[in-house]
Structures are given as structure tokens and as C-alpha cells.
Amino acid sequence: MIKRISFFILTVIIIGLTSCHKKGIENPLFSIQDNNKLGINFINKLDEEDKTNVFTFRNYYNGGGVAIGDINNDGLNDIYLTSNQGVISYT
């Protein structure tokens, strides 16, 4: 029994050590962009009240959503952000 447990622990350690190294990705699908360069200034501001909170609405903090696509056919992706409450203002 002790041999089986030792073998199991050793196997987990070996798998953990060999699989946790970071592999380089040459062409990632997504990359972090600077918001100042993109010109996006969006905050999904939520006002918690007795009627609107995480206890009465389960997905209260999940946000509204985002859509990206070339809507006006100018060759650039347009970004549409939605909020849970109120009107979105952006600069």
C-alpha cells in the first residue's frame, strides 16, 4: 500500500514538473493593448441598492457584454460595450 501511494505521489510530482513550463507562442490570438493608445475609456459602474444587488440578481457583476466587428465597413473593427445600468459615456 505504501509503495502504491509513493508511486502515485512521485508520478504527480513528475507530471507537475514537466507540464508546468511555459511554451512560447509565436502567433498569439490575443495580446494586451494599451487603453490610452486604443482610446477606450469604459467603466461599468454599478450602484448597489436594496432592489439591485448580487443577492437579488445572480449575474449582477458579470457585466453587459462586448461586441467587435466592422459595422460601418471602414476596414477597422468597431467595439460596442454594454453596461448593466445607465448610459455609457466614452471619450
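No experiment lies behind these values; they were computed from the predicted model shown.
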By the rule that ILVMFWY residues connect when side-chain heavy atoms come within less than 4.5 angstrom, directly or transitively, which residues belong alongside Ile71?
-> Tyr80
With a 4.5 Å limit on heavy-atom distance, are the side chains of Ile79 and Asn77 in contact?
-> no
Using the test side-chain contact (heavy atoms from CB on, under 4.5 Å), find all partners of Asn72 that sit at least two apart in sequence or belong to another chain.
-> Asp70, Asp74, Asp78
Results of side-chain contact (heavy atoms from CB on, under 4.5 Å) for Asp34 - residues two or more places apart only | Asn36, Lys37
